[in-house]
There are 2 protein chains.
Amino acid sequence: MPVIPDEFLDLMAEKFRMLADPTRLAILRALMAGERSVGQVVEETARNQANVSKHLKMLAEAGLVSRRKEGLQVFYKIDDPLVERLCHLVCETIVEEAREGMDRRRALLDGWGGEGRSRG
Amino acid sequence: MPVIPDEFLDLMAEKFRMLADPTRLAILRALMAGERSVGQVVEETARNQANVSKHLKMLAEAGLVSRRKEGLQVFYKIDDPLVERLCHLVCETIVEEAREGMDRRRALLDGWGGEGRSRG
DNA sequence: TGACTTGTTTCCCAATCAGTAATATAGTCG
DNA sequence: CGACTATATTACTGATTGGGAAACAAGTCA
């Protein structure tokens with residue numbers, strides 16, 4: 001378990017910052033299915049074009065996605081294997097927390113074991 | 001490979017946002033070695049106390065760390081297994097990117113194979 | 001009680017950020 | 001060339017953020 005060096009903190013924070021916005025996550029989610037043009041991403045994310053374009057630029061500059069131009073269109077795709085892994089990790093955690101929350105509520109209703117644990 | 005639901009995007013963004021700051025990462029790094037009092041964290045992170053206290057509060061509210069009071073001191077510890085996994089993933093990536101960068105620079109100097117690949 | 005220690009909170013400031021509308025660029029087609 | 005399409009950029013706004021100083025709260029000890 002190596003200790004994280006000081007000089008890494010800023011770089012790490014920058015990576016995380018890229019993922020710390022719902023619009024960017026929506027964009028990345030769209031790109032997880034494969035390469036997409038800006039227009040396609042705009043459709044799938046239901047955000048306006050300028051907004052998507054700006055976020056795509058940020059993601060590209062951070063090295064998370066790559067750009068390819070073809071005629072009028074520009075295609076982006078995920079270029080950092082880290083992205084999907086991080087997203088899925090966090091996603092799973094949220095699912096788990098949601099389930100824990102549900103379990104806790106149900107346990108309260110049921111009375112925490114002991115008396116009458118009938119479930120019907 | 002499940003698709004990320006819309007309602008998750010904000011929750012995911014919030015998790016990532018907590019990790020998107022160098023000071024918070026420094027604090028978490030200190031806590032990775034085990035439970036620490038606020039004062040200890042202040043020392044290890046070389047930030048002032050009000051600042052550390054504020055960030056610890058954010059982390060606690062986000063559920064990433066837990067609080068325990070004992071006399072005058074307050075002890076915090078990491079309470080979300082996700083934290084270390086995310087940090088190490090990102091950390092490894094940065095190491096790898098740094099190495100790739102070095103390889104690329106060295107390749108330029110060496111002339112990319114072919115002529116005279118003597119190294120002494 | 002009052003001095004002291006440890007942490008927390010409040011207030012303020014400068015910086016950053018996300019979203020939007022308008023404008024600009026670049027490529028295609030006639 | 002001009003009309004059109006896809007994308008990028010700029011200018012602006014309101015909201016959020018991180019940091020610092022100072023006041024505040026809580027616990028200890030004499």
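In this text, all values refer to a predicted model and were calculated from it rather than measured experimentally.
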Not counting sequence neighbours, which residues clear side-chain hydrogen bond (donor to acceptor under 3.5 Å, both in side chains) with [X]? List them please.
X	answer
B:D6	A:R29
A:Q73	none
A:D80	A:K15

Look at B:Y76 and C:dT6 and indicate whether a side-chain polar atom (N or O) is within less than 4.0 Å of OP1 or OP2. no
Interatomic distance, A:L31 atom CG to A:L64 atom CG [nearest 0.5 angstrom]: 10.5 Å
Let me confirm one number: the CZ-CG distance from A:R24 to A:L59, rounded to the nearest 0.5 Å. 6.5 Å
Please list, in numerical order, the residues of residues 33-44 of chain A that have a heavy atom closer than 4.0 Å to any atom of DNA chain C. none
For [X] against [Y], the heavy-atom pair lying closest together:
X	Y	result
B:L9	A:A26	CD1-CB, 3.7 Å
B:I4	A:C87	CD1-CB, 4.2 Å
A:L19	B:F16	O-CD1, 3.3 Å

The first and last nucleotides of DNA chain D lying within contact of chain A, meaning any atom under 4.0 Å from one of its heavy atoms, run from D:dT5 to D:dA11
For A:M12 and B:I94, what are the C-alpha separation, side-chain angles and deciding distance, and is it a side chain to side chain contact (heavy atoms under 4.5 Å, CB included)? CA-CA 8 Å; A:M12 294 176 65; B:I94 289 171; 3.4 Å; yes
Side chain to side chain contact (heavy atoms under 4.5 Å, CB included) partners for A:L72, two or more places apart: none
Counterpart residues, side chain to side chain contact (heavy atoms under 4.5 Å, CB included), relative to B:E70 (two or more places apart): B:R68, B:F75
Can you check the B:K57 NZ to C:dT10 C1' distance for me, whole Å? 10 Å
Close side-chain approach of A:V65 to A:K77, heavy-atom, < 4.5 Å: no
Helical bend (five base pairs per end, nearest 10°) for the helix from C:dT1-D:dA30 to C:dG30-D:dC1: 10°
Validation: residues 43-53 of chain B side-chain donor-acceptor distances under 3.5 Å, sequence neighbours left out:
residue, atom, partner, partner atom, Å
B:E44, OE2, B:R36, NE, 2.9
B:T45, OG1, B:V41, O, 2.7
B:T45, OG1, B:V42, O, 3.4
B:R47, NE, B:T23, OG1, 3.1
B:R47, NH1, B:T45, O, 3.1
B:R47, NH2, B:T23, OG1, 3.4
B:N48, OD1, B:A50, N, 3.1
B:N48, OD1, B:N51, N, 2.9
B:N51, OD1, B:H55, NE2, 3.3

Check: A:S37 main-chain N/O paired with A:Q40 side-chain donor or acceptor under 3.5 Å: yes
Base contacts versus sugar-phosphate-only contacts with protein, heavy atoms under 4.0 Å: please encode nucleotides 24-30 of chain C as B, S and - from 5' to 3'. --BBS--
List the protein contact pattern of nucleotides 12-23 of chain C with one symbol per nucleotide (5' to 3'): B for base contact, S for sugar-phosphate-only contact, - for none; contact means a heavy-atom distance under 4.0 Å. -----SSBBBB-
Could you note down all residue pairs passing salt bridge (Lys or Arg N to Asp or Glu O under 4.0 Å) where residues 49-63 of chain A supplies at least one of them, sequence neighbours left out? none
